[in-house]
Amino acid sequence: MTHTHFVPNHAGGACADTYERPLMTNFTDLGLNAALLKAVATEGYSVPTPIQVQAIPPALTGRDVQGIAQTGTGKTAAFALPILQRLGASKSRPAPKTCRALVLAPTRELAGQIAESFRVYGRHTGLTVALVFGGVPKPRQSRQLAAGVDILVATPGRLLDHLNDRAVRLDCVETLVLDEADHMLDLGFIIPIRRIAALTPAKRQTLLFTATMPPEIAKLADGLLRDPVHVAVAVAATTAERVTQHVMFVDTSAKRGALRDLLAKSKGRTLVFTRTKHGADRVVKYLDEYGVPSAAIHGNKSQGQRERALADFRSGSTRVLVATDIAARGIDVDDVTHVINFDLPNVPESYVHRIGRTARAGASGVAISLCGPDERPFLRGIEKLIRAKVPVLLAA
Ligand code: AMP
């Protein structure tokens, strides 16, 4: 089997470059249609996540995709958006008791979230979504299936029940998705999955996502996928265990004052992150007005300026360095005691990279995020990725 790598496979590595490309790619670059771009914009997503950058273009062309990505990486949109686009492009309506895309998920919670995502991203497409899972009566689900649906999201056991009841058939499936395949393995779903897949047309698109690749899943993928594109994003969530994290909810206009207060209390070397270059410059200017020396490091600065800023930060003559995500990749300074997120990153993995700048070489560190009212969704994405709530700090 030949494997096509759209980008190098970085799973699990300390890979500064993995995120470079996604940060410079926009949703408009991925080939998505206006209806989907509108829905994505409504969700407040400004840039696609790494898994989205890697998976969406090949999936749109009909390629099979094998993705290694955890929940929290944006993987749902990575498969939902191309499916919605492809189904929307062909005018055919689903026949009664059939579906055109089938998504299998291990738990009712995940299945519910996926169905909801399809509805949200597909709100301007007119495509229909049905959800079936166990533990609730079947008749309502059967009635939903009777007319036929574009997208069916299901847990394997209950889907098999409906197949046995002849409430649905799978011979019209154009795309099959297996989400959290390793979790499905843990729950004993491999045989049900094989049985279900065997009922779908051999000529179909298959997308498989998994957080890890145990041999059983590799074998399953080998049997179900044809010439897949392999995509992966680094498992980023565990690097920050020694970092004490806090979030402060503040109005956007109160962020500068909060930053000043925090800097007055933290005596150590502090790295401040902003989302944009202009934002970084504005923070430096503001701090300067209050007599706090700082320097900015970002893509608009010359190499000389960056080197100087870094050297001053290393030597301790500038205690505060204000950086954007991309510029911060090159920073390797040991004794950063504090990371302050003046803006929350819209890509959850960036948060982990940011706070990983402190607590280096076995030291401990503090990371404080200033979260404006419009940044709450970013915080939710981050908390999902790190699988923890960031404790709230009431005042600086
Ligand atoms: P998932 O990994 O699919 O469960 O997604 C994790 C979270 O990230 C969800 O809350 C999504 O709404 C959010 N999300 C997905 N894509 C993006 C994006 N491109 N920008 C910001 N947030 C996103």
Side-chain angles (χ1 to χ4, degrees), residues 11 18-32 36-57 59-60 65 67-85 103-123 129 151 153 177-183 207-212 231-237 275-276 325 341 343-354 369 371-372 374-390:
T18 315
Y19 303 100
E20 204 68 37
R21 189 177 132 178
L23 284 170
M24 293 185 295
T25 305
N26 290 313
F27 274 106
T28 41
D29 303 327
L30 298 181
L32 295 168
L36 298 174
L37 291 176
K38 196 170 153 197
V40 160
T42 308
E43 283 309 285
Y45 303 171
S46 50
V47 288
T49 65
I51 195 76
Q52 291 163 3
V53 171
Q54 295 176 49
I56 290 174
L60 276 175
V65 174
I68 299 189
Q70 292 182 341
T71 294
T73 54
K75 69 182 163 57
T76 314
F79 62 76
L81 291 169
I83 288 177
L84 288 162
Q85 177 144 330
V103 183
L104 295 178
T107 63
R108 54 191 284 173
E109 289 75 22
L110 183 64
Q113 280 168 32
I114 294 169
E116 182 54 25
S117 297
F118 270 102
R119 289 189 186 114
V120 166
Y121 303 139
R123 53 158 66 101
V129 183
I151 298 134
V153 184
V177 181
L178 306 179
D179 196 18
E180 294 201 354
D182 50 352
H183 195 186
L207 311 173
L208 181 145
F209 289 85
T210 186
T212 57
V231 301
V233 292
V235 181
R275 258 200 309 269
T276 66
D325 288 293
N341 292 318
D343 303 312
L344 278 183
N346 49 357
V347 178
E349 288 85 354
S350 294
Y351 175 82
V352 180
H353 283 276
R354 285 182 181 190
S369 301
C371 179
D374 53 334
E375 294 175 306
R376 300 275 181 127
F378 300 157
L379 180 64
R380 282 197 291 277
I382 288 163
E383 290 181 332
K384 246 183 165 180
L385 175 69
I386 63 173
R387 292 171 194 261
K389 283 258 172 234
V390 180

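As the structure lists them, so they are numbered: ligands from 1, and atoms in each ligand from 1.
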- [ ] Determine whether Pro50 and Glu349 make a side-chain contact, defined as any pair of heavy atoms from C-beta on separated by less than 4.5 Å.
- [x] yes
TODO: Identify the heavy atoms of Tyr121 and Ala39 that sit nearest to each other, and give their distance.
DONE: O-CB, 3.4 Å
Open item on the list: So does Thr73 get a backbone contact from the side chain of Thr49, meaning a donor-acceptor N/O pair under 3.5 Å?
Closed with: yes
Task: Check: Pro106 main-chain N/O paired with Glu180 side-chain donor or acceptor under 3.5 Å - done: no
Task: Any donor-acceptor N/O pair, Gln52 side chain to Gly74 backbone, under 3.5 Å - done: yes
Open item on the list: Please output the residues near ligand 1 using a strict heavy-atom distance under 4.0 Å, listed in chain and residue-number order.
Closed with: Phe27, Tyr45, Val47, Pro48, Thr49, Gln52, Thr71, Gly72, Thr73, Gly74, Lys75, Thr76, Asn346, Lys384
TODO: Check whether any side-chain N or O of Gln54 sits under 3.5 Å from a backbone N or O of Ala232 as a donor-acceptor pair, and report yes or no.
DONE: yes
